[in-house]
Amino acid sequence: MSDGRDSRGLNLPFGTTLNLKGYPLVPGQIDCSFYMKSKECKFGSNCKFNHPENVPRDRYRDLSHYEAFRQHNKDRMDVSFFLCHFTKSTNPVVSQTNNIHRIQGFAHERLEAILTKKKVYDCVLPHLDAPVQAVCFTEMMLPSLSMHAEKYSPWGVAFHKSFLFNETKANQVLYCRDELFQSMKEKAQGDHDLLRYMTPFAPKYSEQLHQGTNPIDYSHEREWRTPGPVSFELKNLAYVFVPDIRVFKELMPDLHTQLCEEGVEIRVIEKVAKENSCNNSYRCQRANCWYAHTPDENDVFHWRTGQERRGEERRGEERRGEERRGEERRGEEMRRGEERRGEERRGEERRGTPGTDPRYGSPITLLSGGSSSRA
């Protein structure tokens, strides 16, 4: 800014630029303490200190918002302050940067990837006829999540609404009847920031549904969406959802420790009881259990079998490696033994050679007493 004024006419020192929130970026200066705590600065663009981008969000801000939300909605029992995202064992996730982030594996492995990379990737949305992508959440009440997990899996994360709303532009999805959806989609004309928050709504009770046509009704999910990917720190998590604490510690012991150190609550998603279902759930040890198991339980069983097989292969490879190293050590010892015996043999030969003084290695002249020259 050559004239010392930004695009809004603010007087700024020469060369000063503003961050996305409109506060000055001043490299070389110390960070503004007010801004680092609250992401706000009462001095605005006149502050002489630095206001860096991507400041980690203080979890206590969200806890404060949560308490205020509870007080405001104390008489409303069906309002949640949490937005939840569950994983499932399906196709890879694609990011908006057109890089394929293949979070492969089962649902629990995808949750492990999310917690390890501290990032929830976006995916392509259906029904929009455009490559619009978003990260999807549900604001269903916590007691209702067991049924929701039946569709996905019991592995997931939850954030405070205040975190996603203020940090990632999260917003509720607008469920639109067909004519409204088509009209809005046409007016959006490829504007992904508008299309991202729309989804068609054709419920079972719609008289416009043709016979044999499946309804499109996701309103029970009470969905929110946000541009992705969503980056976070472990301390920004409200909950981590698992089907069983012991199974979680078995599958991800390091992450369990980290979450406990960060003070993140780990909540169990209770299994929906069904007829003929196995009471042992994830802890079942029977290879061919005759009771029913959920798809995610079977995924964990397959994962365990694969781990055991890979463990046996790894231990077998280690044994074979030890055997090879043992053979190499024995061969080396034999070679050194042969060299040592060869040295000893050559020493014996040097010491035992007739006509050689072993002290000096020089020839010895032998004088015979019966020499003919003396006669």
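For the numbers below, each heavy atom of this structure counts, side chains included, while hydrogens, waters and symmetry mates do not.
- No donor-acceptor pair under 3.5 Å is formed between the side chain of Ser144 and the backbone N or O of Met140.
- Taking the centre of each ring, Phe232 and Phe159 come in below the 6.0 Å mark.
- Going from atom CD of Gln133 over to atom CG of Asp122 covers 4.5 Å, rounded to the nearest 0.5 Å.
- The number of heavy atoms from other shown groups lying within 6.0 Å of NZ (Lys151) is above 12.
- Checking side-chain atoms of Ser146 against main-chain N and O of Glu270 turns up a donor-acceptor pair under 3.5 Å.
- Taken to the nearest 0.5 Å, the CD atom of Glu112 stands 13.0 Å off from the CZ atom of Phe106.
- For the pair Glu150 and Lys274, the salt-bridge criterion is met [side-chain N within less than 4.0 Å of a carboxylate O].
- Classified by interplanar angle (parallel below 30°, tilted 30° to 60°, perpendicular above 60°), the ring pair Trp155/His108 is tilted.
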**OP:** Carefully, step by step, assess Glu233 and Glu262 under the rule side chain to side chain contact (heavy atoms under 4.5 Å, CB included).
**Re:** CA-CA 10 Å; Glu233 298 295 329; Glu262 291 287 346; over 6 Å; no

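- Within 6.0 Å of atom CD in Glu179, more than 12 heavy atoms from other residues, nucleotides or ligands are found, so the atom counts as buried in its surroundings.
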Original post:
Passes side-chain hydrogen bond (donor to acceptor under 3.5 Å, both in side chains), Ser162 versus Asp62? Steps please.
Top reply: CA-CA 6 Å; Ser162 56; Asp62 294 315; 2.6 Å; yes

Original post:
After noting the C-alpha distance and the side-chain angles of Tyr23 and Tyr35, does the key distance pass the ring-ring contact (aromatic ring centres under 6.0 Å, His included) rule?
Top reply: CA-CA 9 Å; Tyr23 300 119; Tyr35 177 77; 5.5 Å; yes

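- Within the cation-pi definition used here (under 6.0 Å to the ring centroid, within 45° of the axis), Arg70 qualifies as a partner of Tyr66.
- In terms of heavy-atom proximity, Arg225 sits nearest to Ala134 at CB-CB, 4.1 Å.
- Each of Leu164 and Tyr197 belongs to its own hydrophobic cluster when Ile, Leu, Val, Met, Phe, Trp and Tyr are linked at side-chain heavy-atom distances under 4.5 angstrom.
- Taking the six-membered ring for Trp and thresholds of 30 and 60 degrees, Phe86 and Phe241 have nearly parallel ring planes, at less than 30 degrees apart.
- At distances below 3.5 Å, not a single donor-acceptor pair connects side-chain atoms of Thr116 with backbone N or O atoms of Ala113.
- At least one side-chain heavy atom of Lys161 sits under 4.5 Å from a side-chain heavy atom of Leu83.
- Surrounding NZ of Lys118 are more than 12 heavy atoms belonging to other residues, nucleotides or ligands, all under 6.0 Å away.
- Thr199 contributes no side-chain N or O that, together with a main-chain N or O of Tyr175, makes up a donor-acceptor pair within less than 3.5 Å.
- Connection of Met252 to Tyr282 is established within a shared hydrophobic cluster, with ILVMFWY side chains joined at heavy-atom distances below 4.5 Å, either directly or through further cluster members.
- In this structure, Lys185 pairs ionically with Asp129, as a charged nitrogen and a carboxylate oxygen lie closer than 4.0 Å.
- In this structure, CZ in Phe49 is found 10.5 Å from CG in Asp31, a value given to the nearest 0.5 Å.
- Here the closest non-hydrogen pair linking Leu125 and Cys136 is CD2-SG, 3.9 Å.
- Heavy atoms of other residues, nucleotides or ligands lying less than 6.0 angstrom from CZ of Phe165 number 12 at most.
- Taken to the nearest 0.5 Å, the CG atom of Asn236 stands 4.0 Å off from the CZ atom of Phe163.
- Aromatic ring pairs are classed by plane angle as parallel below 30°, tilted from 30° to 60° and perpendicular above 60°; the pair His160 and Phe81 is tilted.
- Shortest non-hydrogen contact noted between Gln29 and Asn50 is O-CB, 3.7 Å.
- Taking the side chain as every heavy atom from C-beta outward, His192 and Pro227 never approach each other to under 4.5 Å.
- Of the inter-residue distances, the one linking Asp244 atom CG with Ile266 atom CD1 reads 11.5 Å to the nearest 0.5 angstrom.
- Under the 4.5 Å side-chain criterion, counting only non-hydrogen atoms from C-beta, His302 is not in contact with Val300.
- Using a 4.0 Å cut-off between charged side-chain N and carboxylate O, Glu250 and Arg304 make a salt bridge.
- Phe301 has its side chain within reach of His293: a pair of non-hydrogen atoms, C-beta onward, lies under 4.5 Å apart.
- Cation-pi check for Lys42 over Phe34 is met; the charged atom lies under 6.0 angstrom from the ring centroid and within 45 degrees of its normal.
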Original post:
Ser281 and Glu297: side-chain hydrogen bond (donor to acceptor under 3.5 Å, both in side chains), yes or no, with the steps?
Top reply: CA-CA 7 Å; Ser281 188; Glu297 289 172 355; 2.6 Å; yes

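- The one candidate from Glu343, Glu339, Glu338 that meets the side-chain hydrogen bond (donor to acceptor under 3.5 Å, both in side chains) condition with Arg341 is Glu338.
- Annotation for Met141: atom CE counts as buried by contact number, over 12 foreign heavy atoms lying within 6.0 Å.
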Subject >> Candidate pair Thr294 and Asp296, rule side-chain hydrogen bond (donor to acceptor under 3.5 Å, both in side chains), full reasoning >> reply: CA-CA 5 Å; Thr294 66; Asp296 188 70; 5.6 Å; no

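- For the atom pair Cys284 SG and Asn279 CG, the distance stands at 10.0 Å (nearest 0.5 Å).
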Subject >> Check against side chain to side chain contact (heavy atoms under 4.5 Å, CB included), Ser231 and Glu167 >> reply: CA-CA 9 Å; Ser231 299; Glu167 297 292 324; over 6 Å; no

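- Residues Arg177 and Gln208 are in side-chain contact: their nearest non-hydrogen atoms beyond the backbone lie under 4.5 Å apart.
- Between the side chain of Ser89 and the backbone N or O of Ala107 there is at least one donor-acceptor pair closer than 3.5 Å.
- At a threshold of 4.5 Å between side-chain heavy atoms, the hydrophobic network of Ile, Leu, Val, Met, Phe, Trp and Tyr places Val268 and Leu115 in one connected group.
- Of all heavy-atom pairs between Lys74 and Met77, the closest is O-SD, 4.4 Å.
- Between Leu234 and Val240 the shortest side-chain heavy-atom distance does not fall below 4.5 Å.
- Ring pair His148/Tyr152: centre-to-centre distance below 6.0 Å.
- By the rule that hydrophobic residues join a cluster once side-chain heavy atoms approach within less than 4.5 Å of another member, Ile269 and Val157 end up as members of separate clusters.
- Atom CZ of Arg335 has more than 12 heavy atoms from other residues, nucleotides or ligands within 6.0 Å.
- Side-chain contact between Ser80 and Leu142: absent, with no pair of heavy atoms (C-beta onward) separated by less than 4.5 Å.
- The nearest pair of heavy atoms linking Glu109 to Trp303 is OE2-NE1, 3.2 Å.
- Follow the hydrophobic side-chain contacts under 4.5 Å out from Val242 and you reach Leu259 in the same cluster.
- Judged by distance alone, the side chain of Asn19 and the main-chain N or O of Gly22 form a donor-acceptor pair under 3.5 Å.
- Residues Val120 and Thr226 have side chains not in contact (no heavy-atom distance under 4.5 Å, counting atoms from C-beta outward).
- Taking every heavy atom of both residues into account, Thr87 and Ser153 meet most closely at O-OG, 2.6 Å.
- With Tyr239 as the aromatic partner, Arg267 meets the cation-pi criteria of under 6.0 angstrom to the ring centre and within 45 degrees of the ring axis.
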